[in-house]
Structures are given as C-alpha cells and as structure tokens.
Amino acid sequence: MSRKKRLQKKMTREERRQLRRKKRRKRIIVLILELIILAVLGVVAYGMFKLDKLDFNILDKSRLDVYKDTGPYTNIALFGLDSRNGELEGGVQSDTIMIASINNETSDVKLVSVYRDTLLQQADGTYEKANSAYNTGGVEDAISLLNRNFDLDIQNYVSVNFNALVDVIDLLGGLEIDMTAEEAFWCNGYAFETAQVTGKEMTQIKEEAGTQLLDGVHAVGYARIRYTDGNDFKRTERQRIVLEKVMEKAKKASFSTLNKIVDEVFPQISTSFSSADLLGFAANALNYNIVDTSGFPFDVTTSENVRNHSGSYVVPIDFSSNVSRLHEFLFGEEDYTPSETVQQINNDIIYLTGVDESTTAMQSDFTESEDTGDE
C-alpha cells in the first residue's frame with residue numbers, strides 16, 4: 001500500500017472534509033486571479049482598440065531643437081487648428097498655441113498660451129508670427145519654434161481642430177461660463193460661424209451679463225472672441241478657461257460618455273504620443289489638476305512698425321527676461337539664465353521693432369480685473 005493511501009486511511013472523515021475544502025478554496029483563488037488578469041487584459045485591449053482611432057505621428061526628434069532636460073516635468077505642445085478640411089499636421093494656422101507642463105512628482109499641471117501673433121524666430125532664422133510655423137513647416141517646425149525661442153525640451157504634441165472641441169463639449173453636456181454682455185454678443189457671432197463650419201445647429205444665447213450654459217458651438221465661439229478689450233490677450237485667457245472647464249467635466253463624466261467622446265473625437269486628433277504613453281496618462285487622469293495658467297509674453301506690446309514686415313505683431317518687451325519668467329512660472333527656476341540663442345533673439349527683436357526695456361507694457365492679464373456687469 002502506498003504512503004499516500006496509508007495517510008488517507010489514517011485520516012478521519014472530518015480531516016478529509018477539511019482537506020477537500022482547502023483544495024476547493026485554492027481552486028477558487030486561482031480562478032479569481034485568472035478572471036482578474038483576463039479583465040485587466042480586456043481593458044488594455046479595449047483601450048488599445050480605442051487608441052487606434054487616433055492619428056499617430058512619429059516625429060523626427062533631431063528636428064525639434066530640444067534645448068535641455070527640464071527635470072521632473074513632461075512638457076507638451078497643444079495646438080488648436082483652424083482646420084476646415086480636416087488637416088491636422090500642417091498647412092493650416094494654429095490659432096491656439098499652448099504649452100502644458102506636468103509636474104510628474106505632484107501631477108500638477110500649468111498651462112501657458114503663446115500669443116499667436118508673437119514675433120519669434122522661425123526654423124530658417126527669419127522672424128514671423130508664432131502661428132506661421134505650423135502652417136509652413138508642420139508640427140515639427142511648430143514644436144522646434146517653442147524649444148528654440150524658450151529653451152524648452154518639448155518632444156510631443158496634441159493637435160485638434162474646432163470640430164473636435166465642439167463635439168467634446170456637446171457630449172459633456174455644455175459648459176457654464178460667466179460672461180459680460182459684450183462677450184455674449186460676440187459669442188453669438190462667432191457661434192454662428194462655428195456652426196456653419198461644423199454643420200451644427202445654432203440657437204442664440206441671451207446677450208446679457210451672467211453665467212450661461214454654452215453648447216459646443218457657443219463655447220468654441222466664446223474661446224475665439226478677440227474683438228473686446230484685451231483683444232488676443234483676453235482671447236487666450238478665454239481659451240484656457242474653456243480647457244479648464246472641459247477637464248473638470250471630463251473627470252466627472254460617466255464611462256458611456258467618455259466612450260462616446262473617444263469614438264467621435266479621437267479621429268479628429270493628431271498626436272506623437274504612443275498608445276502606452278496615452279494609457280499611462282489615462283491611468284493618472286483623475287490626479288491631474290490645473291493649478292495655474294498664464295499667457296506669453298508676460299511683458300508685451302503690439303507694433304505695426306516691424307522692419308521689412310507688414311501687419312500687426314505682438315512684441316515681447318525684453319524677450320530674455322520673459323523667458324526667465326517663463327521658466328520660473330513653469331518649473332520654479334529662480335534667476336534662470338537664458339541661452340545664447342535666446343539672448344540673440346532678444347537683440348534681433350529690439351533691432352526689428354525698436355521695442356526695448358523702456359517700452360511701456362500693455363495689459364495682458366485680466367484675471368484680477370474681470371467685470372461681469374453690463375457695459
């Protein structure tokens with residue numbers, strides 16, 4: 001008789017019952033672990049399937065003019081395109097240019113809008129408006145413009161067109177935005193144009209001061225207003241307000257809503273991030289918080305007297321100082337010393353415009369002076 005059978009013979013009926021119970025529990029635990037693994041793999045596979053809807057664009061890193069590593073920060077270029085025919089990677093104006101900087105240690109996010117008419121050095125060494133880089137050289141030239149002029153290390157981007165933002169806001173149920181009567185008037189005008197471009201219906205909102213629930217075409221219309229006090233400076237502030245409110249609502253949205261957004265909006269987005277990168281961002285999405293926003297340049301004026309140029313330009317006052325303040329704002333670097341390239345750009349801008357440290361700055365930050373009463 002084998003040793004196993006002898007041991008079983010010596011066991012009492014209760015002992016055999018307990019042994020069978022232990023084996024059953026072990027099988028149940030193994031089954032549960034297998035189900036958990038299958039569920040995780042299913043979620044990842046579903047996420048990969050959804051991410052496949054995105055327009056992935058692999059960049060040539062050697063063309064991005066990366067200056068130096070900024071430490072525990074992920075810096076991303078965000079482009080909002082006036083793309084009437086679906087173009088996402090060049091040949092269109094980048095009406096919105098933002099830098100999103102994520103502190104990887106705290107998950108804090110800071111946003112900086114770069115005024116689209118800012119006089120900056122282009123890839124060929126000439127000087128033009130910031131938004132011309134995307135139009136003439138595509139995404140790589142637009143990113144390299146930010147790195148070269150601001151001493152940054154941006155290597156990834158996300159580009160969307162107006163249609164995408166309209167769809168996202170509609171699927172989230174609209175945004176509540178506080179407006180002046182003047183803003184409400186212009187919001188209707190821009191919403192009418194946006195509705196025509198996107199093929200949406202448009203119903204006018206009340207042209208009065210106060211908080212109103214804006215649908216997609218009106219929220220995008222609000223973000224495009226530039227014919228009020230503050231012009232483009234105020235417009236970029238509105239864009240950051242809309243982006244913040246979209247993020248707030250998206251974090252509270254149901255899975256079914258987010259799924260609809262993915263299905264309808266992802267085909268309208270171009271990015272250089274890999275599927276793995278985006279899944280990593282998604283896993284941490286609820287932890288991200290926009291803690292501060294601003295516009296660049298900080299000290300600024302406008303000029304129609306730029307050597308060998310025509311039109312109106314946004315001109316930084318003491319460009320080097322503006323870049324130093326940008327590094328302090330984004331990364332907490334005090335007394336940052338700009339690169340030789342930035343210092344040369346500073347001298348070139350003075351030569352081209354005559355704008356130097358003695359020039360009086362225009363108001364470009366309206367956060368503290370917001371007035372929502374009737375005008």
Can a donor-acceptor pair be found, under 3.5 Å and without considering hydrogens, that links the side chain of D108 to the backbone of N103? no

Does any part of the side chain of D335, heavy atoms only, come nearer than 4.5 Å to the side chain of S324, both counted from C-beta? no

Do you know which two heavy atoms are closest between L59 and Q155, and how far apart they sit? CD1-O, 3.6 Å

Shortest non-hydrogen separation from Y336 to V323 and the atoms involved: CE2-CG1, 4.3 Å

Pair up each side-chain donor or acceptor in residues 298-306 with any protein partner under 3.5 Å, not counting sequence neighbours, and list the distances.
| residue | atom | partner | partner atom | Å |
| --- | --- | --- | --- | --- |
| D299 | OD1 | R325 | NH1 | 3.4 |
| D299 | OD2 | R325 | NH1 | 3.1 |
| S303 | OG | N305 | N | 3.0 |

Path from Y351 to L119 over hydrophobic side-chain contacts below 4.5 Å: yes

Give me the atom names and distance for the closest heavy-atom approach of A219 to V242. O-CG2, 3.9 Å

Beyond-backbone contact of I261 with L172, side-chain heavy atoms, under 4.5 angstrom: yes

Before giving the answer on side-chain contact (heavy atoms from CB on, under 4.5 Å), spell out for K252 and K249 the whole-Å C-alpha distance, their side-chain angles and the decisive distance to 0.1 Å. CA-CA 5 Å; K252 300 174 184 177; K249 292 206 74 170; 5.9 Å; no

For a side-chain hydrogen bond (donor to acceptor under 3.5 Å, both in side chains) with T228, tell me which candidate from R235, R238, E183 qualifies. R238

Please list, chain by chain and in numerical order, all residues satisfying side chain to side chain donor-acceptor pair (under 3.5 Å) with T257, sequence neighbours excluded. S254

Is the count of non-hydrogen atoms from other residues, nucleotides or ligands lying under 6.0 Å from K61 atom NZ greater than 12? yes

Any residue meeting side chain to side chain donor-acceptor pair (under 3.5 Å) with E128, in chain and number order, not counting sequence neighbours: Y313

Tell me whether V315 is reachable from L352 by hopping between hydrophobic residues (I, L, V, M, F, W, Y) whose side-chain heavy atoms are closer than 4.5 Å. yes

For E201 and V217, the nearest pair of non-hydrogen atoms, with its separation, is O-CG2, 4.1 Å

Can you pull the salt bridge (charged side-chain N to carboxylate O under 4.0 Å, His left out) pairs that have at least one residue in residues 346-363, sequence neighbours excluded? none

Just so I know, are the side chains of R116 and T96 near enough to count as touching, which here means a heavy-atom distance under 4.5 Å? no

With no hydrogens and no angle check, just 3.5 Å: does a side-chain donor-acceptor pair link S270 and N57? no

Are Y67 and F150 near enough that their ring centres are under 6.0 Å apart? no

Salt bridge (charged side-chain N to carboxylate O under 4.0 Å, His left out) involving D65 - partner list, sequence neighbours excluded: R148

Evaluate the side-chain proximity of I102 to Y288: yes if any heavy-atom separation is below 4.5 Å, no if none is. yes

With a 4.5 Å heavy-atom cut-off, do I349 and V355 have their side chains touching? no

Heavy-atom distance under 4.5 Å between the side chains of E328 and E334, does that happen here? yes

Check step by step if ring-ring contact (aromatic ring centres under 6.0 Å, His included) holds for F233 and Y115. CA-CA 7 Å; F233 308 130; Y115 304 128; 4.8 Å; yes

Does D151 have any salt bridge (charged side-chain N to carboxylate O under 4.0 Å, His left out) partners at least two apart in sequence or in another chain, and if so, which? none

For side-chain contact (heavy atoms from CB on, under 4.5 Å), just list the numbers for M247 and I290, CA-CA rounded to whole Å, side-chain angles, deciding distance to a tenth of an Å, and then say yes or no. CA-CA 9 Å; M247 286 187 64; I290 298 178; 3.3 Å; yes

Sequence neighbours left out, what pairs pass ring pair (Phe, Tyr, Trp, His ring centres under 6.0 Å) with at least one residue falling in residues 166-211? W186-Y227

Group every Ile, Leu, Val, Met, Phe, Trp and Tyr by side-chain heavy-atom contacts under 4.5 Å, then state whether L171 and L213 land in the same group. no

Nearest 0.5 Å, please: how far is CD1 in I97 from CZ in F296? 12.0 Å

In short, N149 meets V342 closest at the heavy-atom pair O-CG2, 3.4 Å

Quick one: list whatever passes side chain to side chain donor-acceptor pair (under 3.5 Å) with S62, sequence neighbours left out. D60

Gap separating the OG1 atom of T136 from the CG atom of N131, nearest 0.5 angstrom: 9.5 Å

Listed by chain and number, what are the side chain to side chain donor-acceptor pair (under 3.5 Å) partners of D124, not counting sequence neighbours? T126

Atom CD1 in I177, atom CD1 in I205: separation rounded to 0.5 Å? 9.5 Å

Apply the test side-chain contact (heavy atoms from CB on, under 4.5 Å) to residues V112 and F329: give CA-CA distance (whole Å), side-chain angles for both, the deciding distance (0.1 Å), then the verdict. CA-CA 9 Å; V112 173; F329 176 81; 3.5 Å; yes

Using the rule given for side-chain contact (heavy atoms from CB on, under 4.5 Å), can you reason through E248 versus N289, listing the C-alpha separation, both sets of side-chain angles and the distance that settles it, and then say yes or no? CA-CA 9 Å; E248 289 170 7; N289 288 298; over 6 Å; no

Answer whether the closest heavy-atom distance between the side chains of H218 and V220 falls below 4.5 Å. no

Could you grab the distance from atom CG of D318 to atom OG of S358, nearest 0.5 Å is fine? 10.5 Å

Salt bridge (charged side-chain N to carboxylate O under 4.0 Å, His left out) filter on K129, not counting sequence neighbours, yields D117

Using a 3.5 Å cut-off and no angle test, enumerate the donor-acceptor pairs between side-chain atoms of residues 69-81 and protein atoms at least two apart in sequence or in another chain.
| residue | atom | partner | partner atom | Å |
| --- | --- | --- | --- | --- |
| D69 | OD1 | G71 | N | 2.8 |
| T70 | OG1 | N75 | ND2 | 2.9 |
| T70 | OG1 | D153 | OD1 | 3.2 |
| T70 | OG1 | D153 | OD2 | 3.0 |
| Y73 | OH | F331 | O | 3.4 |
| T74 | OG1 | N104 | OD1 | 3.2 |
| T74 | OG1 | N104 | ND2 | 3.2 |
| N75 | OD1 | S101 | OG | 2.7 |
| N75 | ND2 | D153 | OD1 | 2.7 |

Quick one about R63 and S144 (side-chain donor to acceptor, distance below 3.5 Å, no hydrogens or angles considered), yes or no? no

From the list Q122, Q121, R307, H309, side-chain hydrogen bond (donor to acceptor under 3.5 Å, both in side chains) partner of Y127 resolves to Q121

What heavy-atom pair brings E207 and A184 nearest, and what distance separates the two atoms? CA-CB, 3.7 Å

For K200, which residues count as a salt bridge (charged side-chain N to carboxylate O under 4.0 Å, His left out) partner, sequence neighbours excluded? D167

I169 versus V246: any side-chain heavy-atom pair under 4.5 Å? yes

Could you tell me the separation between the CD atom of Q212 and the CG atom of D178, rounded to the nearest 0.5 Å? 9.5 Å

I need the M362 CE to I317 CD1 distance, nearest 0.5 Å. 9.0 Å

